[in-house]
Amino acid sequence: MTEQPKTPTRDDLVAALRESGEDFLRRLRALPAATFEQGRYESGWNGRQILAHVAAIEWTYPRLLDIPLQARGASAAGGDPPTRTAQGGIDAYNARQVEKREGVSVQALLEEFSRNRATTIAAVAGADEGLFAMPIRSAGGVTGPLGLVIQSVAVGHIIQHGRDIAGEGG
């Protein structure tokens, strides 16, 4: 039997969100401008388009906190963990968000990410500690306790995309 990783506490998440956000911004600000125009991703996105995706998706992370609040009613009825589903699916949502940001400068996208990350941190810092153990399913299909889902999508996902943009892959 595989042991589930320990669900991070609110304070663990806040620290990881701050650190990963600062690392992401520091890493990308140090890259030459040409790096953002190079093809980097299997969908054909270049570095600036991946950054547009990251800036856009960061807006959604505070909304993950709403899912377990809705679950309190569903769990009493014995239902499955609630989820948020993007209209047309997650891939269509991502494509729409990247397209909306076509032509937006790298600097403006970094600023958008920074603002949205600050909102994510504030939302997590202000949330009830008990929410982080409640099961959810994100629009991207990540399931588990809210704390692990946030750790996966708002920390791990962002770290990986920073590597993608820098051309480090892996």
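Leu17 and Leu148 sit in two unconnected hydrophobic clusters of ILVMFWY residues. Membership requires side-chain heavy atoms under 4.5 Å apart, directly or through other members.
Salt-bridge formation is detected for the pair Arg48/Glu102: a Lys NZ or Arg NE/NH1/NH2 atom is positioned less than 4.0 Å from an Asp or Glu carboxylate oxygen.
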Please assess Glu22 against Arg27 for the test salt bridge (charged side-chain N to carboxylate O under 4.0 Å, His left out), listing each intermediate value before the final yes or no.
-> CA-CA 8 Å; Glu22 290 168 2; Arg27 172 185 291 241; over 6 Å; no
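Between Ala154 and Ser20, the closest heavy-atom pair is O-OG, 4.2 Å. For the residue pair Ala127 and Leu131, the shortest heavy atom distance occurs at CB-CD1, 4.3 Å. Scanning all heavy atoms of the two residues, the minimum distance from Thr35 to Ala166 falls at CG2-CA, 4.5 Å. Gly147 and Pro8 make their closest contact through O-CG, 3.5 Å (heavy atoms, listed as atom of the first residue, atom of the second, distance). Contact detail for Thr143 and Val149: the closest heavy-atom pair is C-CG2, 3.9 Å. In this structure, Leu109 and Ala55 approach most closely via the heavy-atom pair O-CB, 3.6 Å.
Between Val98 and Trp45, some side-chain heavy-atom pair lies under the 4.5 Å cut-off. Side chains of Asn46 and Ile50 form no contact here, defined as non-hydrogen atoms less than 4.5 Å apart. Under the 4.5 Å side-chain criterion, counting only non-hydrogen atoms from C-beta, Leu64 is in contact with Leu146. Residues Ile57 and Tyr93 have side chains in contact (heavy-atom distance under 4.5 Å, counting atoms from C-beta outward). Side chains of Phe132 and Ile150 form a contact here, defined as non-hydrogen atoms less than 4.5 Å apart. Within the 4.5 Å cutoff, the side chain of His157 has heavy atoms near those of the His53 side chain. Side-chain contact check for Leu13 versus Gln151: some heavy-atom pair is nearer than 4.5 Å.
Taken from CH2 in Trp59 to CZ in Arg115, the straight-line distance is 14.0 Å, to the nearest 0.5 Å. Rounding to the nearest 0.5 Å places CZ of Phe24 at 10.5 Å from CD1 of Ile159. Atoms OG1 and CE, on Thr7 and Met134 in that order, are 12.5 Å from each other to the nearest 0.5 Å. In this structure, the separation between CG on Asp164 and CG on Leu51 is 12.0 Å, given to the nearest 0.5 Å. Atoms CG and CD1, from Leu31 and Ile165 in turn, are 8.0 Å apart once rounded to the nearest 0.5 Å.
Glu58 pairs by the side-chain contact (heavy atoms from CB on, under 4.5 Å) definition with Tyr61, Phe113, Asn116, Arg117, Thr120, Ile158, not counting sequence neighbours. Residues that satisfy the salt bridge (Lys or Arg N to Asp or Glu O under 4.0 Å) test with Arg26, not counting sequence neighbours, are Asp23. When the side-chain contact (heavy atoms from CB on, under 4.5 Å) test is applied to Glu99, no partner is found at least two apart in sequence or on another chain.
At least one donor-acceptor pair under 3.5 Å links the side chain of Glu129 to the backbone N or O of Arg10. Looking at Arg101, its side chain does come within 3.5 Å of a backbone N or O of Gln97 through a donor-acceptor pair.
Counting non-hydrogen atoms of neighbouring residues, nucleotides and ligands closer than 6.0 angstrom, the CD atom of Glu37 exceeds 12 such neighbours.
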